[in-house]
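One structure is given here, and the rest of the page talks about it.
Both ligands and their constituent atoms are indexed starting at 1 by order of listing. Values below: all heavy atoms of this structure, side chains included; hydrogens, waters and symmetry mates excluded.
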Amino acid sequence: MPSRRSILKSALTGLIAAPFVAPSIAFAKAPYAVVQAPGFYRLKIGSVEVTALSDGTVALPLAKLYTNTSEQHAQSALNDAFLPEIVPTSVNAFLINTGERLVLIDAGTGAYLGPSLGKLVSNIEASGYKMDDIDDVVLTHIHTDHSGGLMSNGKRTFPKATLRVNEREAKFWLSAANAKAATGIVKQHFGEADQCVTPYVEAGKFETFADNAAPVPGLGSILYAGHTPGHSAITLESKGEMIVFWGDITHGDILQFDEPGVAIEFDIDQKAAVAARDIAFRQAVEGKYLVAGAHIAFPGIGHVRKDSTNYDWLPVNYA
Ligand SMILES: [Zn+2]
């Protein structure tokens, strides 16, 4: 009877002695797959579940759009971070399941900004929820990349949800006089705000919240005005953990961390937007809490810390 050792020995010899045989199949000419996995990422804040959702990315010539800097300087900073001239820029939204209610923070672009975006609904479904499940939609601000997805084919995308917006933000965008006085891209934004927000108002599904007030029980807000007049971050705290949904405190995750004084053309009041970013960064460093950016590379969640070149963005560790 062969010993265990001799069996092992002959098996190993057989392995080593086996001649290399090339696989008989030809290499398959597989088509390139192109698409990513569904864009959702989950984490817990205390006992509350948060799902980051991708609406897709938009190709932006960021260096051309930044202000308070030169295009050349901005581009060289982006190049140093291995980013191209046209930067695929994330558009993120976030779903909070408090256990009591399902709250969507920002609503994506809908059909407004082209086929590389408008993927929020399919990603909500991929993450296991239905549009009917959503109780509230809270906007950080009314810009089409945050409110365009409120409507789909002329119907409210979230039929059961109450839309909740900071009071002064709503007042600004829903004013006919402001819309009439606006020019250029801002005038276009007024038109799109009307198309996307007014149906919720007419359906009796619209509420405002005061500066720094709770948009729904269990969440808070911080007025960081500047990007828009009532631009507000949404806060969530549970069991000693905290996350702040920043909205548009930054556009991108490189230049504005090193140089928070750099603004962007989309800021309605650039000076105030810079001041708001200063405060938001300082608070995030002091508070050591997680933040979630609407235009930081998906899932857009991470920490801010001080480093030798001012501030630094640290994406959350994948888990
Ligand atoms: Zn935005």
### Quiz item: cation-pi between Arg164 and Phe206, 6.0 Å / 45°
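The answer is no; the distance or angle limit is not met.
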Within the 2.8 Å cut-off the protein N, O or S neighbours of the Zn ion (ligand 1) are Asp145 OD2, His146 NE2, Asp248 OD2, His295 NE2
Can you see whether [X] engages [Y] through a side-chain donor-acceptor pair at a distance of less than 3.5 angstrom?
X      : Y      : answer
Tyr224 : Asp248 : no
Gln270 : His227 : no
Thr309 : Asp258 : yes

Which of Thr208, Thr140, Asp211 passes side chain to side chain donor-acceptor pair (under 3.5 Å) with Asn166? It is Asp211
The side chain to side chain donor-acceptor pair (under 3.5 Å) partner of His295 among Asp145, Asp253, Thr250 is Asp145
